[in-house]
Each structure stands twice: as structure tokens, then as C-alpha cells.
Amino acid sequence: MTTAKTKQKILQTFLDLLSEHDYEDVSLPLIADKAKVKLSDMRGAFGSKLDLVAAFAESVDKAVLDERDEDMHDQPPRDRLFDVLMSRIDALEANKDAVRALHRAARKDPSLALEFNRLEMRSQKWMLIAAGIDISGLKAGIVAQGLSVAFARVVRVWLDEDDEGMPRTMARLDRELDNGTQFMKRLNGIEGIAKGMRSFIKKASSGRRKRRGRGEDDADHETGYSGEEPVGA
């Protein structure tokens with residue numbers, strides 16, 4: 001069984017290679033060779049490069065969750081989310097060139113971009129949880145998808161920014177969250193309309209059933225039929 005230490009060694013080797021090579025040029029045998037592990041250990045740790053990307057995303061999620069600022073709990077949700085997402089940028093900093101390679105690969109391969117998006121949506125759901133924003137059901141998926149796209153735009157700015165203070169990155173995140181706030185208002189409005197429609201349909205359906213029931217009772221009364229078979233039939 002592959003140890004946690006070996007898994008971390010393989011993951012970091014993968015990220016180091018991405019800092020120097022394109023994603024498509026980093027093969028599993030190359031990773032195993034550079035990490036100085038057997039292919040069998042490589043297989044036991046990660047079944048594919050996508051598994052390695054997923055492990056990287058998970059490690060960033062954990063870093064953000066560990067560093068969550070508990071003093072932010074009384075701040076507005078938007079401010080809490082801003083803080084969480086900037087913490088995510090900070091967690092990515094050590095592997096910035098690897099992140100750049102992953103973004104470059106996603107732009108070249110739409111199917112890979114979809115896989116990366118799936119992983120990012122899962123991460124953004126955890127970012128919402130870290131920010132104390134509780135969203136469930138279909139709405140959670142819509143919000144996580146929107147946040148994934150917004151964060152990808154922020155990351156693109158960050159990748160091109162050299163200023164350690166990250167003014168452009170923070171400005172872009174501010175703008176994306178402003179857009180997200182407006183989107184949430186529209187989404188809540190649509191959700192309210194949908195609930196109203198469901199309530200209307202339910203009431204209308206219930207009314208039709210009641211009217212049908214009364215109509216059947218009236219028909220029975222007019223014909224003298226009680227619903228019971230006559231004795232001896």
C-alpha cells in the first residue's frame with residue numbers, strides 16, 4: 001500500500017514538472033521516474049493525471065479550510081467569500097507555474113476543461129462552506145458553477161500579475177463578486193417565482209380533484225347509484 005508520504009512526493013513531483021513542461025508532456029512514467037518510485041507505487045497512489053489534479057485541488061481546499069479566519073463570522077457573506085477566495089489564491093501561490101500549465105492545457109482541450117471544471121465546482125462548494133454560506137439543492141450547483149467561472153477569471157488575472165500586493169487580482173475578484181451578488185438576487189427572484197408557480201399548480205390541481213369528486217357525488221345522487229352492487233346481482 002502506498003504511504004501518504006509517497007503520495008505527497010508523487011504529487012509534488014507532478015506539480016514541479018508542470019512548472020517546466022506542458023500538461024500533455026508530463027506522463028505517469030516520467031512522474032514515477034522523477035519521484036524515484038516504482039510504477040506499481042505510482043498506480044497505487046494515482047490512477048491518472050486527472051487524479052493528481054484532483055489531489056492538488058483537494059490539498060488547496062484543505063489549506064484554505066485550515067486557515068479560515070473565524071473572526072470573519074460576523075461580516076457580510078460577500079466579505080467572507082472575498083476573504084476565503086483570496087486565501088485560495090495564497091494557497092495556489094507556491095505552485096503558480098503549475099497552475100499556469102493547467103490553465104493553458106484547459107484552453108487547448110475542451111474535454112479536459114470540462115473535467116477541470118467538475119473538480120473546481122467541488123472545490124467552490126467547499127469555499128462557500130468555508131465562507132459560512134449555506135446553499136443546497138439545485139441552487140447549490142448553479143452557484144458553484146457560477147463561482148467556478150468567476151474564480152477562473154480571477155486566476156487568469158493573478159497569473160499575469162507580478163505585484164505582490166495583487167491589486168489587479170483583488171479588483172477583479174471584487175468585480176466578480178459584485179456580478180455574483182446581482183446574479184444571486186436574480187436567482188432568488190426566479191426561485192421565488194418558481195415556488196409561487198408550484199404553489200399555484202398544486203392548489204389548482206387540488207381544486208380540480210375536489211370538483212371532480214363533487215361531480216361524481218352529484219351524478220350518483222341523480223341516478224340513485226350508491227356505488228354498491230344490488231343484492232343478488
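Using a 4.5 Å cut-off on side-chain heavy atoms (C-beta onward), M166 and M86 make contact. The shortest side-chain heavy-atom distance between L112 and Y23 falls under the 4.5 Å cut-off. Contact annotation: the side chain of L28 never approaches that of F46 to less than 4.5 Å [non-hydrogen atoms, C-beta and beyond]. Between D69 and M72 the shortest side-chain heavy-atom distance falls below 4.5 Å. Taking the side chain as every heavy atom from C-beta outward, I129 and I133 never approach each other to under 4.5 Å. Between E164 and E93, the closest side-chain pair of non-hydrogen atoms is not below 4.5 Å. Between D162 and R168 the shortest side-chain heavy-atom distance does not fall below 4.5 Å. K38 has its side chain out of reach of T2: every pair of non-hydrogen atoms, C-beta onward, lies at least 4.5 Å apart.
K62 forms no cation-pi arrangement with W126, by the criterion of a distance under 6.0 Å to the ring centre and an angle within 45° of the ring axis.
No path of Ile, Leu, Val, Met, Phe, Trp and Tyr side chains, each step under 4.5 Å between heavy atoms, connects M121 with V154, placing them in separate hydrophobic clusters. Grouping the Ile, Leu, Val, Met, Phe, Trp and Tyr side chains by contacts below 4.5 angstrom, directly or via other members, places L11 with L50. Residues V157 and V149 are members of separate hydrophobic clusters, defined by side-chain heavy-atom contacts under 4.5 angstrom among Ile, Leu, Val, Met, Phe, Trp and Tyr. In the hydrophobic clustering of this structure, L173 groups with L92; members are Ile, Leu, Val, Met, Phe, Trp, Tyr whose side-chain heavy atoms approach within less than 4.5 Å, directly or through other members. A continuous path of hydrophobic side-chain contacts links V84 to I135 [ILVMFWY only; heavy atoms under 4.5 Å].
In this structure, R122 does not pair ionically with E120, as no charged nitrogen and carboxylate oxygen lie closer than 4.0 Å. Ionic pairing of D174 and R78 is present here: one or more N-O contacts between side-chain nitrogen and carboxylate oxygen are shorter than 4.0 angstrom. The pair D22-K108 meets the salt-bridge criterion, since a charged nitrogen lies less than 4.0 angstrom from a carboxylate oxygen. The pair D97-R100 meets the salt-bridge criterion, with a side-chain N (NZ, NE, NH1 or NH2) lying under 4.0 Å from an Asp/Glu carboxylate O.
In this structure, D134 places its CG atom where only 12 or fewer heavy-atom neighbours from other residues, nucleotides or ligands lie under 6.0 Å away. Atom CZ of R118 has more than 12 neighbouring heavy atoms from other residues, nucleotides or ligands inside a 6.0 Å radius.
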- [ ] Under the side-chain contact (heavy atoms from CB on, under 4.5 Å) rule, what do L147 and L85 come out as? Steps first, then yes or no, please.
- [x] CA-CA 10 Å; L147 194 54; L85 294 179; 4.0 Å; yes
Task: side-chain contact (heavy atoms from CB on, under 4.5 Å) between N117 and S148, worked out - done: CA-CA 7 Å; N117 179 72; S148 296; 4.1 Å; yes
TODO: Run the numbers on L52 and I10 for side-chain contact (heavy atoms from CB on, under 4.5 Å), then give the verdict.
DONE: CA-CA 9 Å; L52 281 157; I10 293 171; 4.0 Å; yes
- [ ] Give the intermediate values and the outcome of side-chain contact (heavy atoms from CB on, under 4.5 Å) for residues F151 and I89.
- [x] CA-CA 10 Å; F151 189 69; I89 291 288; 3.8 Å; yes
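Between the side chains of Q75 and D83, no donor-acceptor pair is found at a separation under 3.5 Å. Inspection of the E67 and S87 side chains reveals no N or O donor paired with an N or O acceptor under 3.5 Å. Side chains of S123 and D61: a donor on one and an acceptor on the other come within 3.5 Å.
How far CG of D109 is from CG of L114: 9.0 Å, rounded to the nearest 0.5 Å. Rounded to the nearest 0.5 Å, atoms CG (L102) and CZ (R107) are 11.0 Å apart. Note: R156 CZ to E161 CD = 15.0 Å, rounded to the nearest 0.5 Å. Of the inter-residue distances, the one linking D41 atom CG with K36 atom NZ reads 14.5 Å to the nearest 0.5 angstrom. Here the OG-NZ distance, from S59 to K7, works out to 13.5 Å after rounding to the nearest 0.5 Å. To the nearest 0.5 Å, atom CD of residue E176 and atom CZ of residue F82 are 12.0 Å apart.
Between A63 and A91 the shortest heavy-atom distance is CB-CB, 4.2 Å. M170 and G165 get closest at one heavy-atom pair: CE-O, 3.2 Å. In this structure, Q124 and A144 approach most closely via the heavy-atom pair CB-O, 4.1 Å. The two residues L39 and P29 have their closest heavy-atom pair at CD2-CA, 4.0 Å. Contact detail for L65 and A130: the closest heavy-atom pair is CD2-CB, 3.6 Å.
The backbone N or O of V26 sits less than 3.5 Å from a side-chain atom of K49, completing a donor-acceptor pair. A donor-acceptor pair is defined here as one N or O able to donate and one able to accept, closer than 3.5 Å; such a pair exists between the side chain of K9 and the backbone of A35. One N or O on the side chain of K96 and one on the backbone of W158 form a donor-acceptor pair closer than 3.5 Å.
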